[in-house]
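This report refers to the structure that appears directly beneath it.
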Amino acid sequence: MFFKTLTEHFEKLEATTSRLAMMDILVHLFRETPPNLMDKVVYLTLGEVYPPYVGLEIGLADKLVLRAISLATGIQDSRVEQEYKTLGDSGLVAEKLLSTRRKAALFSQPLTVEKVYSTFEKMCRISGEGAQDTKIKLFAGLLTDATPKEAKYLSRIASGRLRLGVAEMTILDALAIAYGGSRELRDIIERAYNITSDIGLIAKALAEGGVDAIKSIRITVGRPIKPQLAERLSSLNEILGKLNGKCIAEYKYDGLRIQAHISDGTVLLFSRRQENITKQFPDIVEVLRKCLKAREAILDGEAVPVDPNTGELLPFQVVAQRRRKYDIDRYAEEIPVTLFLFDILYLDGIDLTVKPYLERKKVLETVIEETDRVKLAQYIISGNIEEIENFFHKAIQDGTEGLICKSILPDSIYEAGKRGWQWIKWKRSYRSEMVDTVDLVAVGAFAGRGKRAGTYGALLMAVYNPEKDRFETICKLGSGFTDEDLARLPEIFKPYLISHKHPRVESNMEADYWFIPAIVAEVIGDEITLSPMHTCGFGIIRPKSGLAIRFPRLIRFREDKRPEDATTTAEIVEMYRMQLKTIEEETSIDTTS
Ligand code: ATP
């Protein structure tokens with residue numbers, strides 16, 4: 001397959017803001033792609049070479065891309081750098097300078113997808129001394145054979161900035177259409193993706209072996225499963241109502257979600273967004289190796305920092321420090337973490353995700369030998385409100401955030417990648433003001449004035465609407481930043497800066513700066529209000545009005561979340577309705593007392 005075919009589709013994708021149009025372009029691309037290349041085409045469309053959990057990226061810094069351009073064109077470094085200063089995008093520099101070449105190299109061959117991909121693969125795998133030079137040479141080799149258009153996209157992929165705005169969910173939709181179009185097929189494809197976290201693998205299996213091949217994809221140790229997520233409700237009454245009167249009420253630990261994959265004593269740890277974080281927790285790896293009474297397993301849990309002297313649970317922020325790349329051993333000693341396991345998804349060849357929760361719990365309890373560092377999450381099984389309330393108070397006293405109430409019905413399977421009503425979190429009694437934080441995506445910014453001149457005065461924040469695959473604005477966030485945070489904002493957002501509103505962003509406001517939706521922040525506010533200025537849930541509660549957060553404050557940036565993991569529009573609408581209900585209840589109590 002010629003690389004040109006791919007870049008022609010990239011150009012069309014780049015030119016559209018409509019999700020439906022994107023889907024049509026992708027369907028067309030997939031139909032043009034030979035089945036054995038489907039995985040490669042999908043990875044490249046996402047600007048990747050491997051699925052993210054593999055942790056291998058080309059990662060050629062802009063400066064090195066410029067050197068390769070200079071090598072391939074014979075144009076001096078200084079001139080290439082000058083162009084970069086004007087254009088601000090190594091892709092545009094490559095396109096412009098390659099088009100000034102008098103003629104293509106003498107023996108150049110049209111680039112193929114196979115050639116591009118295998119070169120990128122090599123570039124990902126090179127390490128050690130002289131790696132950088134070899135990478136530059138390999139890349140310059142590709143540029144030599146490329147047309148200016150191809151060079152633009154090659155440079156963007158190499159520097160990790162393809163930015164076509166294509167979401168994974170849009171690719172799944174397009175795959176379903178290209179191979180049959182039924183709702184059932186879409187669900188099967190999504191499930192396969194959620195249990196493998198590898199969209200290329202799914203695309204290739206579908207292209208080569210159809211639905212049967214997708215259905216036969218199994219959970220595998222080493223490939224992260226997308227985590228099941230929880231809904232929220234304001235009262236225990238409602239929670240029990242949803243869960244048919246009885247549930248497992250489990251401590252809600254405040255730490256870092258970890259999925260542990262163990263096979264014959266080899267342990268891999270994955271984060272909530274399927275990054276390989278094994279190296280950051282050598283102590284957990286060590287104990288997990290010993291505490292499993294089986295050969296292979298996939299376990300789900302939350303790692304929480306503990307005070308080494310008292311054994312008390314410490315706030316989450318402490319474990320965030322462990323995510324730093326340096327001094328890991330020292331941190332492991334100073335701030336030990338305990339992994340609280342609550343679920344098991346796989347054991348010695350058996351897929352447990354399709355079993356009900358109580359059954360999974362039983363298996364977990366028989367195969368894990370608890371130690372100080374690996375424990376089972378505390379829970380009770382109950383349908384008695386008073387008993388669960390008492391357990392909730394104990395949970396708070398023990399330093400957790402509250403409870404997660406989980407279904408024990410026969411259909412309580414592990415819903416990988418889904419936020420559903422099987423698991424419902426219950427933090428504190430929700431009063432009329434917001435007590436729970438939300439996770440929002442930065443989509444733009446406003447220039448700072450006065451003390452904040454030179455940095456951003458506020459960020460434009462958005463929620464995610466998965467039905468529309470759009471980010472809808474909900475507030476301007478200007479509080480809760482330290483002076484240090486503030487000064488660093490332009491630097492943090494530099495890689496995501498774009499000249500126009502991102503196609504997946506819905507905004508009624510004109511920001512001074514626009515970003516690719518990438519960075520997620522946890523935010524608390526005073527309450528949710530109606531606002532015509534914001535697009536979150538526009539028209540759902542009232543015509544011509546969206547929802548906004550009043551007095552939002554930053555709690556922390558959430559590096560463990562992708563933009564699609566942000567709080568959804570539906571959740572905000574639900575929170576707003578809860579708020580109204582609580583206000584009504586409070587007022588009715590007031591009038592009777
Ligand atoms: P989410 O992960 O649901 O998007 P979040 O990271 O903002 O949200 P919360 O909404 O407060 O966190 O709660 C859900 C998270 O709680 C889970 O993702 C998991 O990391 C954590 N957790 C702690 N204890 C448990 C438990 N017993 N069962 C399931 N999850 C738990």
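Read the numbers this way: they start at 1 and go in the same order the structure lists the ligands and their atoms. This is a predicted model, so every value here is computed, not measured.
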Given [options], identify the one with the heavy atom nearest to [atom].
atom: atom 12 (O) of ligand 1; options: Glu401, Lys252, Arg257, Glu522; value: Lys252
atom: atom 7 (O) of ligand 1; options: Lys561, Gln228, Arg272; value: Lys561
atom: atom 19 (C) of ligand 1; options: Lys425, Glu302, Gln378; value: Glu302
atom: atom 31 (C) of ligand 1; options: Asp254, Leu403, Asp343, Ile404; value: Ile404

Please collect all ring-ring contact (aromatic ring centres under 6.0 Å, His included) contacts where either partner lies in residues 546-569, sequence neighbours excluded, each pair once. none
Write out all pairs satisfying ring-ring contact (aromatic ring centres under 6.0 Å, His included) with one or both partners inside residues 224-251, taking only residues at least two apart or from two chains. Tyr251-Tyr253, Tyr251-Phe391
[X] neighbourhood, listing ligand 1 atoms whose heavy-atom distance to it stays under 4.0 Å:
X: Lys427; result: 11 (O)
X: Arg419; result: 1 (P), 3 (O), 4 (O)
X: Asp439; result: 7 (O)

Taking 4.0 angstrom as the limit, do [X] and [Y] come out as a salt bridge?
X: Glu564; Y: Arg504; answer: yes
X: Arg223; Y: Asp198; answer: no
X: Asp526; Y: Arg550; answer: no
X: Lys361; Y: Glu365; answer: no

Considering all heavy atoms of both residues, which atom of Thr400 and which atom of Lys252 are nearest to each other, and what is their separation? CB-O, 3.2 Å
Write out the residue and atom name of the closest protein heavy atom to [atom], then the distance separating them to 0.1 Å.
atom: atom 28 (N) of ligand 1; answer: Lys406 NZ, 2.8 Å
atom: atom 23 (C) of ligand 1; answer: Tyr253 O, 3.0 Å
atom: atom 27 (N) of ligand 1; answer: Glu250 OE1, 2.8 Å
atom: atom 6 (O) of ligand 1; answer: Arg558 NH2, 3.2 Å
atom: atom 25 (C) of ligand 1; answer: Phe342 CE2, 3.6 Å

Quick one: which of Arg558, Lys561, Arg553 gives a salt bridge (charged side-chain N to carboxylate O under 4.0 Å, His left out) with Glu522?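 Result: among Arg558, Lys561, Arg553, Arg558 is the only option passing the salt bridge (charged side-chain N to carboxylate O under 4.0 Å, His left out) with Glu522.
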Going by heavy atoms, is Trp423 under 4.0 Å from ligand 1?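 For ligand 1, residue contact (heavy atoms, under 4.0 Å) with Trp423 is present.
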So is Leu229 in contact with ligand 1, going by heavy-atom distances below 4.0 Å?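 True for this residue.
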Between Thr535 (side chain only) and Thr473 (backbone N and O only), is there a donor and an acceptor less than 3.5 Å apart?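 Yes; judged by distance alone, with no hydrogens or angles, the pair exists.
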